[in-house]
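In what follows, a structure is listed as structure tokens, so that the remarks can point back to it.
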Amino acid sequence: MSTPSKLALVTGASRGLGLAIAEALSERGFHLILSARDQGTLDRVVARLPNSTSVACDIRDPESVARLAAVVRKSKRLDVLINNAGIAGPVQPVESLDYEIWREVVETNLHGTFLVTQALLPLLGEGSVIVNNVSVAARTAFPGMSAYNSSKRGLLAFTETLREELRPRGIRVVALLPGATDTGIWKQFWPDAPRERMMSPKTIAEVVVGAVTLPASTNVDELVVTPSAGSL
Ligand SMILES: NC(=O)c1ccc[n+]([C@@H]2O[C@H](COP(=O)([O-])OP(=O)(O)OC[C@H]3O[C@@H](n4cnc5c(N)ncnc54)[C@H](OP(=O)(O)O)[C@@H]3O)[C@@H](O)[C@H]2O)c1
């Protein structure tokens, strides 16, 4: 069923899960604002998705996020916010983890999601939905991934707090917790990971679109989606 003229913003929409979610929303008739840092890649996505536009934005940078919000504000209202942009960083045990890497991961996954959410909240109203792409890493510790694990557990706590703050306003907040999904993020920490055991980004995207198109009277708090054969 198409949902004409609803507007969704997807961060990290240039590839991987964000791109798959953008494509699935587009198939359901959503209008899209797509964001990531690399404008060239966004241009190529916008060229093939109808009713889409893009804004390059580094979600770690408050000024960059403010410029993104200024563009979205022209539309007066946002129906769906997909906070998807994120990074993993390399595998390094705590004792040798570079502080710069720790900071980059936490600033992107946790601080960046906060900045985007806060900047766009004035445009979200009753019936709107926020989906934060967390990860099973919010609950399961992976040695060598302390920054990622910490950022995602923090993001889950942020998501749960946000849900309770926005419940009285009729804004739904969904925590998405995917397991291993076949995207480029694995190159950052496990280049030879067995891709054949991973889920497809399209599968996750279908679950997300199913949740955001539910009647406004129905809330899904968490979407935990994992390969049925078990985790890697
Ligand atoms: N793949 C998995 O197995 C898996 C499982 C659970 C959760 N997740 C989560 O899913 C989300 C998407 O990951 P993915 O697997 O699709 O990774 P990906 O293919 O590497 O895509 C990451 C996206 O985020 C954007 N991005 C990265 N840093 C950014 C920044 N500072 N500001 C704005 N955009 C930024 C990237 O574009 P630019 O580089 O152009 O900015 C890209 O569009 C992440 O939050 C990740 O933690 C993934």
Side-chain angles (χ1 to χ4, degrees), residues 9-24 32-46 54-69 81-90 100-101 103-117 119 131-140 142 145 147-156 158-159 174-191 193-205 207-208 222-227 231-232:
L9 167 66
V10 183
T11 68
S14 58
R15 58 179 188 264
L17 279 162
L19 175 60
I21 293 168
E23 288 169 340
L32 296 168
I33 299 176
L34 308 175
S35 192
R37 287 167 300 181
D38 184 63
Q39 184 66 61
T41 319
L42 288 172
D43 288 344
R44 288 191 285 282
V45 177
V46 164
S54 69
V55 186
C57 170
D58 185 336
I59 63 167
R60 296 168 297 178
D61 174 2
E63 287 177 12
S64 185
V65 171
R67 286 193 291 274
L68 168 65
L81 168 60
I82 309 283
N83 278 315
N84 165 79
I87 58 169
E100 274 313 307
I101 290 172
R103 209 162 64 179
E104 195 185 354
V105 173
V106 177
E107 280 184 355
T108 305
N109 299 349
L110 183 56
H111 302 187
T113 306
F114 162 78
L115 288 172
V116 172
T117 304
V131 178
N132 287 347
N133 194 349
V134 187
S135 167
V136 292
R139 298 241 165 79
T140 305
F142 300 107
M145 298 295 288
Y148 189 68
N149 278 137
S150 303
S151 69
K152 293 297 189 175
R153 191 168 292 194
L155 180 58
L156 181 58
F158 171 69
T159 306
V174 181
L176 171 66
L177 280 76
T181 310
D182 186 3
T183 73
I185 202 170
W186 289 84
K187 286 185 233 152
Q188 296 171 28
F189 62 101
W190 187 4
R195 303 281 176 158
E196 67 284 358
R197 289 171 54 194
M198 297 185 190
M199 297 177 292
S200 145
K202 209 173 157 86
T203 304
I204 307 294
V207 174
V208 170
E222 279 189 10
L223 296 166
V224 182
V225 193
T226 55
S231 54
L232 298 180

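First listed ligand is number 1; within each ligand, the first listed atom is number 1.
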Shell of residues surrounding ligand 1, defined by a 4.0 angstrom heavy-atom cut-off that is strict: Gly12, Ala13, Ser14, Arg15, Gly16, Leu17, Ala36, Arg37, Asp38, Cys57, Asp58, Ile59, Arg60, Asn84, Ala85, Gly86, Ile87, Thr108, Asn133, Val134, Ser135, Tyr148, Lys152, Pro178, Gly179, Ala180, Thr181, Thr183, Gly184, Ile185, Trp186
Residues forming a salt bridge (Lys or Arg N to Asp or Glu O under 4.0 Å) with Arg37, sequence neighbours excluded: none
Donor-acceptor pair between Asn132 and Thr113 side chains, under 3.5 angstrom: no
Listed partners of Arg67 passing side chain to side chain donor-acceptor pair (under 3.5 Å), at least two apart: none
Polar side-chain atom of Arg60 near backbone of Asn109 as donor-acceptor pair, under 3.5 Å: no
Side chain to side chain donor-acceptor pair (under 3.5 Å) partners for Arg153, two or more places apart: none
Pair Ser14, Asp38: side-chain N/O donor-acceptor within cut-off below 3.5 Å: no
